[in-house]
Enquirer: 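The structure under discussion is supplied below as structure tokens; questions concerning it will follow.
Letters A, B, ... are given to chains in the order of the sequence lines, protein chains preceding strands, and every chain is numbered from 1.
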Amino acid sequence: MTVRLRYAPSPTGDPHVGNIRSALWAWAFARHEGGVFYLRIEDTDQTRLVPGSIERIEASLRWLGLDWDEGPDVGGPYGPYVQSQRLDGYREATGRLLASDNAYRCFCTPADLEAMREAQRAAKQPPGYDGRCRLIPAAEAEARAAAGESFVVRFAMPREGTTTFTDLLRGEITYENRLLDDFVILKSDGFPTYHLAHAVDDHLMATTHVTRGDEWLPSAPRHVRLFEALGHPVPIYVHTPVILGPDGGKLSKRHGAKSVLEYAEDGYLPDALFNFLSILGWSPDGATEILSRQQVVDAFDIKDLVVHPAVFDTQKLEWMNGVYMRAMAEDELSEVFARELERALPADVVRPLDRALVAAITPLVRERVKLLPEVTALVDFLFASDVAAPPRDQLLGKAYRNRADAAPAAIDAAVAALDALEAWDAAAIEECLRAVAAQTGEKPGDLFMLCRLAVTGKNVTPPLFESMELVGRDASLDRLGRAAEVLRAAAG
RNA sequence: GGCGCAUUCGUCUAGUGGCCCAGGACACCGCCCUCUCAAGGCGGAGAUCGCGGGUUCGAAUCCCGCAUGCGCUACCA
């Protein structure tokens with residue numbers, strides 16, 4: 001039998017990482033088994049719809065590389081894939097449940113229910129619907145409904161005994177029926193609740209494995225009873241754990257990005273997020289952590305999922321993002337850098353950027369950035385028409401603090417030597433500056449830092465000689481000269 | 001309150017009765033490399049396997065209690 005799994009989000013906003021991780025696992029399992037992964041939109045709560053959500057959901061999946069075989073956009077043999085377009089099925093199921101006395105109409109108003117709960121609270125009784133409308137004779141209920149009275153349909157849970165089901169990860173779980181009340185399956189607006197929609201659709205759409213967040217565990221026995229009352233086989237349940245914030249609480253915007261699309265906007269690589277999410281709660285062998293999509297698919301087994309919550313470790317994600325940046329093909333990464341720089345560089349830098357220049361930069365910075373946005377601060381001096389010399393104190397640094405006169409002198413020597421250079425390339429510049437250091441008695445490192453500050457304006461940069469090559473001879477000498485001026489002016 | 005699920009280094013995890021006085025990864029610390037910063041290499045520190053009882057020759061691994069955390073207890077999903 002070929003497996004069929006689904007991702008069934010509500011269109012109430014952007015999918016967050018916890019939610020999408022479940023989707024990723026369902027996808028990986030379906031692909032591993034050569035089965036089907038489909039997308040179904042659960043829009044049965046008309047009051048919570050957020051326009052554009054479906055597109056954002058699809059964009060999130062696509063960005064992560066999770067392709068679906070059936071869905072609202074591509075259709076499929078079990079469509080439609082949007083629950084608001086499947087109302088007939090829920091009506092049909094409700095009719096059958098009503099006819100078999102597995103369900104009944106409830107005419108209680110919200111006020112009635114509130115009063116009931118109030119009384120239960122006062123009497124220290126466990127809250128829950130008391131089943132009063134179950135006593136209404138079917139004919140009377142029918143008549144009241146026909147007369148236009150507003151009602152919901154509730155499932156008639158068995159009052160005694162227990163309900164047992166199997167969660168693939170946790171084994172058998174048993175609930176006492178008397179603790180489960182008669183829950184609503186059809187709302188007064190004619191839409192089903194999640195419970196009914198789940199039982200109807202996951203059967204009609206031939207879902208073999210139901211993966212969902214473990215907040216659904218307590219309602220699983222209701223679903224099992226629903227399936228049975230409908231005469232449908234119960235699917236295999238896989239309840240997945242939540243993702244927590246670094247403080248052990250719920251993951252929220254406070255902890256950084258939360259939705260998948262935010263990570264995309266922040267410049268994370270989709271391969272990195274995919275990899276990171278795949279192993280947050282799953283491990284192929286206890287050692288391997290860097291895995292391609294294909295490797296995840298090959299190694300994945302849904303039975304191997306961990307059952308406890310996991311803290312989202314942003315630092316590890318960043319590390320992994322760096323791993324993927326370094327592993328990327330250079331020309332591809334170069335284009336990524338180019339686009340990021342075009343986004344982040346000051347407005348006066350002309351676009352499009354010189355791709356040859358970015359290509360030359362790429363190997364210099366790829367090992368120095370973990371996150372895309374870090375690239376700009378590292379190389380902006382290569383694009384700025386003017387780089388101001390740092391203030392005197394910074395130029396002197398620790399090395400020249402107590403011998404301030406030596407600094408401008410060293411720069412002068414460097415300028416003279418560089419000016420006389422025939423070829424302007426990194427190797428020649430290095431050779432030249434090392435010679436200057438030797439002649440002047442400066443420590444190479446001290447001289448290089450001085451030049452770095454003068455030419456780039458900062459003390460953390462890509463390698464100096466390559467940087468100077470890219471800055472060019474004229475600009476390099478100019479900046480060196482102005483740094484010397486700063487040192488002399490301040491001194492005088 | 002009731003019901004349920006969970007509990008291995010700071011974090012993510014490996015581990016399914018002896019190979020574990022617990023392995024890997026991120027983070028952290030040190031050394032090496034080195035023009036800065038990274039990357040890389042090597043090494044270190046870090047977990048009485050939540051606690052208490054049992055079962056067993058032997059338990060992180062099986063059983064029972066307890067504690068803690070989280071979830072559910074809607075005409076939301």
Enquirer: Mind running side-chain contact (heavy atoms from CB on, under 4.5 Å) on A:Arg144 and A:Phe151 for me, showing each step along the way?
Expert: CA-CA 9 Å; A:Arg144 287 170 69 175; A:Phe151 66 91; over 6 Å; no
Enquirer: Considering just the side-chain nitrogens and oxygens of A:Lys187, establish if one lies under 4.0 Å of OP1 or OP2 belonging to B:C76.
Expert: yes
Enquirer: Which one is paired to B:C28, where only Watson-Crick or G-U wobble pairs with both distances under 3.5 angstrom count?
Expert: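 Result: B:G44.
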Enquirer: Mind checking the CZ-CG spacing from A:Arg222 to A:Asp182? Nearest 0.5 Å is all I need.
Expert: 9.0 Å
Enquirer: Does A:Arg154 put a side-chain nitrogen or oxygen below 4.0 Å from OP1 or OP2 of B:C75?
Expert: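 Looking at the OP1 and OP2 atoms of B:C75, one of them is under 4.0 Å from a side-chain N or O of A:Arg154.
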Enquirer: Does NZ or CZ of A:Arg154 fall inside the cone over A:Tyr129's six-membered ring, less than 6.0 Å from its centre and within 45° of the axis?
Expert: yes
Enquirer: Looking at the base of B:C75, is there any donor atom on it, or on the side chain of A:Ser188, that sits under 3.5 Å from an acceptor on the other one?
Expert: yes
Enquirer: For B:A77 and A:His195 - does any side-chain N or O of the residue sit under 4.0 Å from the phosphate oxygens OP1/OP2?
Expert: no
Enquirer: What is the separation between atom CG on A:Leu305 and atom C1' on B:U13, rounded to the nearest whole Å?
Expert: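 Going from CG in A:Leu305 over to C1' in B:U13 covers 13 Å.
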Enquirer: Checking A:Asn321 side chain against A:Lys370 main chain: does a donor-acceptor pair fall under 3.5 Å?
Expert: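 Yes, the answer is positive, given that a donor and an acceptor are paired below the 3.5 Å cut-off.
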Enquirer: Measure from NE2 on A:His308 to C1' on B:G50 and round the result to the nearest Å.
Expert: 14 Å
Enquirer: Measure CZ/A:Phe465 against C1'/B:C37 and give the value in whole Å, please.
Expert: 14 Å
Enquirer: Take atom CD of A:Glu330 and atom C1' of B:A39, then tell me their distance rounded to the nearest Å.
Expert: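 Checked: the CD to C1' distance equals 14 Å.
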Enquirer: Grab the CG-C1' distance between A:Leu169 and B:C5 for me, whole Å please.
Expert: 12 Å
Enquirer: Is the shortest side-chain N/O distance from A:Arg434 to OP1 or OP2 of B:C35 below 4.0 Å?
Expert: yes
Enquirer: Look at the side chain of A:Glu367 against the base of B:G40 and say whether a donor-acceptor pair falls under 3.5 Å; ignore hydrogens and angles.
Expert: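 Result: no qualifying N/O pair found.
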Enquirer: Look at the side-chain N and O atoms of A:Arg326 and state whether any lies under 4.0 Å from the OP1 or OP2 oxygen of B:G40.
Expert: yes
Enquirer: Whole angstrom is fine here: how far is it from OH in A:Tyr175 over to C1' in B:C3?
Expert: 7 Å
Enquirer: Under 4.0 Å between a side-chain N or O of A:Thr12 and OP1 or OP2 of B:C76?
Expert: no
Enquirer: Looking at the base of B:C35, is there any donor atom on it, or on the side chain of A:Arg452, that sits under 3.5 Å from an acceptor on the other one?
Expert: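 Side chain to base: pair present.
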Enquirer: Any base atoms under 4.0 Å from A:Ile279, or only sugar-phosphate, or nothing? Heavy atoms, all strands.
Expert: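 Sugar-phosphate, backbone atoms only, no base.
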Enquirer: Pairing check on B:C66: which nucleotide meets the Watson-Crick or G-U wobble criteria with it, both distances under 3.5 Å?
Expert: B:G50
Enquirer: Can you see whether A:Phe274 has A:Arg293 sitting over its ring - NZ or CZ less than 6.0 Å from the centre and within 45° of the normal?
Expert: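 Yes.
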